[in-house]
Amino acid sequence: MLWACMSSSGVRNLHFIDEIMDKVIYKDILMQNLKQSAQKMGFQGSYTFQHDNDPKHTAQFVKTWLI
């Protein structure tokens, strides 16, 4: 499986996933890649991060970190 950060300015960090992903692994992927990818794409300050409604994406554990 692959996690990727993309926008109209292109694709940035790619993260390969070799295990069954749960909310803890998903949050770790975000911690390692999201902010760095946004900076590489030139996003300063705030931006909108979107993901689907998969339970691991909407877990309170992840939502709390995203705030």
Side-chain angles (χ1 to χ4, degrees):
M1 192 172 5
L2 175 71
W3 178 92
C5 188
M6 63 192 83
S7 75
S8 60
S9 65
V11 176
R12 293 301 179 245
N13 290 18
L14 300 175
H15 186 96
F16 293 93
I17 304 157
D18 295 325
E19 54 198 324
I20 296 174
M21 186 168 47
D22 62 10
K23 64 185 178 183
V24 175
I25 293 170
Y26 182 62
K27 180 184 165 209
D28 287 344
I29 291 168
L30 295 179
M31 289 174 65
Q32 294 172 28
N33 295 285
L34 183 58
K35 185 175 180 180
Q36 184 182 51
S37 290
Q39 289 172 342
K40 286 180 181 178
M41 287 186 266
F43 298 137
Q44 305 283 330
S46 66
Y47 53 89
T48 301
F49 173 66
Q50 294 181 313
H51 50 193
D52 62 24
N53 286 324
D54 185 290
K56 66 185 131 297
H57 299 170
T58 59
Q60 191 63 42
F61 180 75
V62 174
K63 287 181 179 182
T64 302
W65 182 81
L66 285 169
I67 294 176

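Nothing fancy with the numbering, it's 1 onward along the sequence.
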Minimum side-chain heavy-atom gap Cys5-Met41 below 4.5 Å: yes
Gap between atom CD of Gln44 and atom CD of Gln39 - 0.5 Å precision: 8.0 Å
Working for side chain to side chain contact (heavy atoms under 4.5 Å, CB included), residues Tyr26 and Asp54: CA-CA 11 Å; Tyr26 182 62; Asp54 185 290; over 6 Å; no
Within-4.5 Å side-chain heavy-atom neighbours: Tyr47 and Ser7: no
Same apolar cluster: Trp3 and Val11, side chain cutoff 4.5 Å: no
Steps toward side chain to side chain contact (heavy atoms under 4.5 Å, CB included) verdict (Gln50, Thr48): CA-CA 6 Å; Gln50 294 181 313; Thr48 301; 4.0 Å; yes
Same apolar cluster (I L V M F W Y, side chains within < 4.5 Å links), Leu2/Ile29: no
Heavy-atom check, side chain of Asp28 versus side chain of Met31, under 4.5 Å: yes
For Lys63, side chain to side chain donor-acceptor pair (under 3.5 Å) partners two or more places apart: none
Side chains of Lys56 and Asp22 in contact at under 4.5 Å (non-hydrogen atoms): no
Residue pair Leu66 / Leu30: nearest heavy atoms and the distance that separates them: CD2-CD1, 4.1 Å
Exercise: identify the closest heavy-atom pair between Met21 and Met1: CE-SD, 4.2 Å
Least distance between heavy atoms, Lys40 atom then Asn13 atom: NZ-OD1, 3.1 Å
Check: Ser37 side chain, Arg12 main-chain N or O, donor-acceptor pair, under 3.5 Å: no
Shared hydrophobic cluster for Ile17 and Ile20 (ILVMFWY, side-chain gaps under 4.5 Å): no
Shared hydrophobic cluster, Leu34 / Phe61 (ILVMFWY, side-chain heavy atoms < 4.5 Å): yes
